[in-house]
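Worksheet for the structure shown next.
Basis for what follows: all heavy atoms, side chains included, without hydrogens, waters or symmetry-related copies. So you know, we letter chains A, B, ... as the sequences are listed, proteins then strands, and number each from 1.
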2 protein chains.
Amino acid sequence: MERLNGHLDVNEKTGRKDLVTNIDKDNEKFFVKQLRALEPGSKVLGEEGLGDKIDSLDGQVWIVDPIDGTMNFVKQRDHFAMMIAYYVDGVPTLGFIYDVINDKLYHGGPDIGIYVNSESMNPPANNSLEDGLIGMSGPLIIRDVHHMQEIAEASSGYRIYGSAGIEIATAISGKTIGYISHLRPWDIAAGRVLAETLGMTVSTIDGKPIDMLSSNTVLLATKKAQKDILKISTKR
Amino acid sequence: MERLNGHLDVNEKTGRKDLVTNIDKDNEKFFVKQLRALEPGSKVLGEEGLGDKIDSLDGQVWIVDPIDGTMNFVKQRDHFAMMIAYYVDGVPTLGFIYDVINDKLYHGGPDIGIYVNSESMNPPANNSLEDGLIGMSGPLIIRDVHHMQEIAEASSGYRIYGSAGIEIATAISGKTIGYISHLRPWDIAAGRVLAETLGMTVSTIDGKPIDMLSSNTVLLATKKAQKDILKISTKR
């Protein structure tokens, strides 16, 4: 927050819509150092590549997104998140999504429950696709991947917030019935822990388990909405 | 806020995606009564039809949206607004957009300047389409009206928040370079006052003046982004 109105060094990664700033990198350096100290022997997989090279989830692995929604961060100074996940031998164990501007930390795991700041979160209502709003990725809608437009039309409406962390925080709060986007490990690792612990489902858009070391088109949804969406997304 | 967690009577208007609640109606009744008392002789055009029948903007006219983003209100209890505009002989004079959950009142007009709560707002940077995020309407994107998908692709990214009031508050705050949606008078009346006073443009998607007594596909944008968008939206 102190650095929010200061100068940003903004650089493109794979193109003009894929940005990284000096603060993404500084945050990741900070997290890598702190997490290694917190849990000696653990490894850190970070979006900006400043942690460890990870080719398996054996042992204790932290997965870090130092700023999720960097485009929002750069253009809005709003609607972005910081995310950390902790997996032990591949088992989703702890997740943290910090909505920085609203000062809301969504955190917890299967052994301790899920909290927003110090308040316990209840599982969201198991609403159907038709009965809920759904968060989506802009490019998937335009390219109409996996009948994304039909899924949007079947819902009560689709929303695009531009940050996986903010979208997943919205879904686990029951404000949307789910979220669909093409995500890398650090985009979904923390949200998966929180969502599954709260009784939501996390799978690929065709209903398979996600590969935590690769990219996936992820469907995070209530159990009912997942069924409704798979009926559409897996049509020929 | 007091009634936010109470029971809602939800009814469909033109279809399952066009909702009205008892609170929309109660709010509008309240506004109609208070505004008539504030300015005797004035007329009130309200979304729910509980004010006056208006077929011209002669005289003093209030234009009221008691809850903008009713779907968000019903499904999220978040991301909705209350809006009031004051037009005198057709001249945009005062606008009020209240982002209820964030307790932010955007208000003012050409004679007094624009404020968020008690803080004066500066005109947003005159950024181009390419350099900014843009707010859009979900249905316009899916139907690809006026090359909406090409406009989205040309921007830094598109966002869908699901409430004209929230979208316009975001644009005048400089967090998006504009907003495109099919809007009725009460969706745009207040936002037009605020945006124009802050040096932004408000027109139809093909660059014509909007008709304040009818529906328009509205383009609200920085001057630069308007030019960029019209080049795409008016292509054959």
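Per-residue counts of heavy-atom pairs under 4.5 Å with chain A were compared for B:Ala154, B:Gly157, B:Gly174; the largest is that of B:Ala154. By number of non-hydrogen pairs under 4.5 angstrom with chain A, the leading residue of B:His79, B:Glu130, B:Arg77 is B:Glu130. Of the listed residues A:Gln149, A:Met71, A:Arg16, the one with more heavy-atom pairs under 4.5 angstrom with chain B than any other is A:Arg16. Among B:Gly132, B:Gly162, B:Ala152, the residue making the largest number of heavy-atom pairs under 4.5 Å with chain A is B:Gly162. Across A:Thr176, A:Ile177, A:Asp131, the residue that shares the most heavy-atom pairs under 4.5 angstrom with chain B is A:Asp131.
Crowding of B:Lys231 atom NZ: a count of heavy atoms from other residues, nucleotides or ligands under 6.0 Å not exceeding 12. The environment of NZ in B:Lys175 is crowded: more than 12 heavy-atom neighbours from other residues, nucleotides or ligands sit within 6.0 Å. Taking a 6.0 Å sphere around NZ of B:Lys227, one finds it holds 12 or fewer heavy atoms contributed by other residues, nucleotides or ligands.
Of the inter-residue distances, the one linking A:Ile142 atom CD1 with B:Ile141 atom CD1 reads 4.5 Å to the nearest 0.5 angstrom.
With hydrogens and angles disregarded, no donor-acceptor distance shorter than 3.5 Å links the side chain of B:Lys75 to the backbone of A:Ser156. For the pair B:Lys17 (side chain) and A:Glu153 (backbone), a donor-acceptor distance under 3.5 Å is present. A:Tyr161 contributes no side-chain N or O that, together with a main-chain N or O of B:Arg159, makes up a donor-acceptor pair within less than 3.5 Å.
A:Thr170 touches chain B through its side chain: at least one heavy atom from C-beta onward sits under 4.5 Å away, while N, CA, C and O do not.
Of residues 115-129 of chain A, not one residue has a non-hydrogen atom less than 4.5 Å from any non-hydrogen atom of chain B.
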